[in-house]
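See structure below.
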Amino acid sequence: MKKIAVLALTSLTLLSSQAFARDDINAYSVADALNQGAAKSKLGTNISFYFGEQAYGEVEQDLGEYKTNKKTNAFNKSDEEACQWVFLSAMIALKERAVQAGGNAVVNIKSNYKHNLTSSNDTFQCGAGTFVAGVALTGQVVKLK
């Protein structure tokens with residue numbers, strides 16, 4: 001009987017933690033995230049990034065659309081801190097894809113969190129939970145003249 005009571009209590013405790021799970025989706029500043037020291041050093045200046053409807057030069061070659069979906073540990077971090085960190089990870093993935101494809105820019109970058117495509121020149125979407133934060137981006141890799 002004691003084992004059944006312990007098992008029932010353990011099950012209730014584990015199931016009740018599901019009620020505390022969260023997935024808050026918010027918009028964060030692209031400029032703030034890109035102005036972090038880590039972003040400047042890891043992204044460099046060889047690849048240019050254009051968000052939403054930002055204007056860019058003439059396209060010499062379109063190298064394809066690429067998507068990235070990154071997650072990071074959000075435990076013991078503010079949502080903004082975790083989201084900026086995972087945004088950087090997604091941007092590094094786009095940069096690496098552009099370099100691999102022979103491009104010099106990624107244009108029309110949009111958020112695609114949970115397959116909800118949103119376009120903004122100024123913000124990106126991030127989902128932050130108790131333990132994990134995530135950013136999904138899509139962008140067109142091109143070679144600009």
Side-chain angles (χ1 to χ4, degrees), residues 6-145:
V6 170
L7 181 62
L9 185 58
T10 302
S11 295
L12 285 174
T13 302
L14 292 174
L15 291 175
S16 67
S17 68
Q18 295 293 327
F20 296 110
R22 68 181 181 96
D23 186 17
D24 298 336
I25 301 170
N26 290 305
Y28 295 94
S29 168
V30 168
D32 288 351
L34 292 178
N35 285 328
Q36 300 291 319
K40 289 180 179 182
S41 67
K42 296 206 183 270
L43 294 176
T45 58
N46 294 339
I47 304 295
S48 299
F49 300 98
Y50 299 90
F51 293 83
E53 302 299 320
Q54 289 178 328
Y56 51 87
E58 186 179 344
V59 175
E60 182 178 315
Q61 187 177 9
D62 184 339
L63 301 166
E65 182 179 79
Y66 296 98
K67 297 177 182 179
T68 181
N69 184 359
K70 296 295 181 178
K71 306 285 187 219
T72 193
N73 178 354
F75 184 71
N76 207 25
K77 294 179 185 135
S78 70
D79 286 357
E80 184 173 20
E81 180 184 7
C83 286
Q84 286 179 343
W85 185 258
V86 73
F87 173 75
L88 176 57
S89 181
M91 291 297 295
I92 290 169
L94 286 178
K95 174 193 173 183
E96 289 172 350
R97 193 60 160 162
V99 168
Q100 180 184 29
N104 61 7
V106 183
V107 301
N108 301 322
I109 300 171
K110 298 176 176 111
S111 291
N112 195 24
Y113 191 74
K114 289 196 174 182
H115 306 291
N116 182 21
L117 197 60
T118 56
S119 178
S120 172
N121 294 1
D122 305 311
T123 63
F124 66 93
Q125 298 289 311
C126 177
T130 305
F131 300 107
V132 176
V135 167
L137 300 175
T138 182
Q140 198 73 24
V141 174
V142 298
K143 189 168 193 176
L144 298 176
K145 288 186 179 183

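Each residue takes its place number in the sequence, starting with 1. Note that these values count all heavy atoms, side chains included, but never hydrogens, waters or copies made by symmetry. Note that the structure is a prediction, hence the values are computed from the model and not measured.
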* Asked: Minimum heavy-atom separation for A105 to L144, with atom names?
  -> CB-CD1, 3.6 Å
* For G134 and K71, work out which heavy atoms get closest and say how close. => CA-CD, 3.9 Å
* Asked: So how far is it from Y66 OH to Q140 CD, rounded to the nearest 0.5 Å?
  -> 9.0 Å
* Do K40 side-chain atoms and Q36 backbone N/O form a donor-acceptor pair below 3.5 Å? -> no
* **Contacts of type salt bridge (charged side-chain N to carboxylate O under 4.0 Å, His left out), residue K114, not counting sequence neighbours** => D23
* **Heavy-atom closest pair, residues A74 and A82** => CB-CB, 3.8 Å
* Asked: Would you say N35's side chain and A31's backbone share a donor-acceptor pair under 3.5 angstrom?
  -> yes
* Please check if the side chain of D79 supplies one atom and the backbone of A128 the other of a donor-acceptor pair under 3.5 Å. => no
* Hey, does the side chain of N121 reach the backbone of E53 with a donor-acceptor pair shorter than 3.5 angstrom? -> yes
* Stepwise side chain to side chain contact (heavy atoms under 4.5 Å, CB included) test for F49 and K95 -> CA-CA 9 Å; F49 300 98; K95 174 193 173 183; 3.8 Å; yes
* How long is the span from the SG atom in C83 to the CG atom in D32, to the nearest 0.5 Å? -> 12.5 Å
* Side-chain donor-acceptor contact under 3.5 Å, N116 with Q125 -> no
* Asked: For K143, does the NZ atom have more than 12 heavy-atom neighbours from other residues, nucleotides or ligands under 6.0 Å away?
  -> no
* To do: Starting at CG of N26, measure out to SG of C126 and round the result to the nearest 0.5 Å.
  => 8.0 Å
* Give a yes or no answer on whether the side chain of K42 reaches the backbone of G37 with a donor-acceptor pair at less than 3.5 Å. => no
* About how many Å separate CG of N108 and OH of Y50, when rounded to the nearest 0.5 Å? -> 11.5 Å
* Beyond-backbone contact of V99 with I47, side-chain heavy atoms, under 4.5 angstrom -> yes
* Are any of the side-chain nitrogens in E60 or K145 under 4.0 Å away from the carboxylate oxygens of its partner? -> no
* Side-chain touch N112/L137, heavy atoms, less than 4.5 angstrom -> no
* Any donor and acceptor pair, going by atom type alone, linking the side chain of T123 with main-chain N or O of S120 inside 3.5 Å? -> no
* L88 and side-chain contact (heavy atoms from CB on, under 4.5 Å): which partner among L43, V135, L34? -> L43
* Asked: So F75 and F131, would you call those rings parallel, tilted or perpendicular, with 30° and 60° as cut-offs?
  -> parallel
* Asked: Looking at CG of L94 and NZ of K67, how far apart are the two atoms once the value is rounded to the nearest 0.5 Å?
  -> 12.0 Å
* To do: Mind running side chain to side chain contact (heavy atoms under 4.5 Å, CB included) on Q84 and E80 for me, showing each step along the way?
  => CA-CA 6 Å; Q84 286 179 343; E80 184 173 20; 3.6 Å; yes
* Asked: Quick one: are S48 and N104 in side-chain contact, heavy atoms under 4.5 Å?
  -> no
* Please examine the side chains of D122 and F51, heavy atoms only from C-beta on, and report whether any two atoms are closer than 4.5 Å. => no
* T68 and A90: which non-hydrogen atoms are nearest, and at how many Å? -> CG2-O, 3.6 Å
* Measuring from L117:CG to T138:OG1, what's the distance to the nearest 0.5 Å? -> 6.5 Å
* To do: For the pair F124 and F87, name the ring-plane relationship: parallel under 30°, tilted 30 to 60°, perpendicular over 60°.
  => parallel
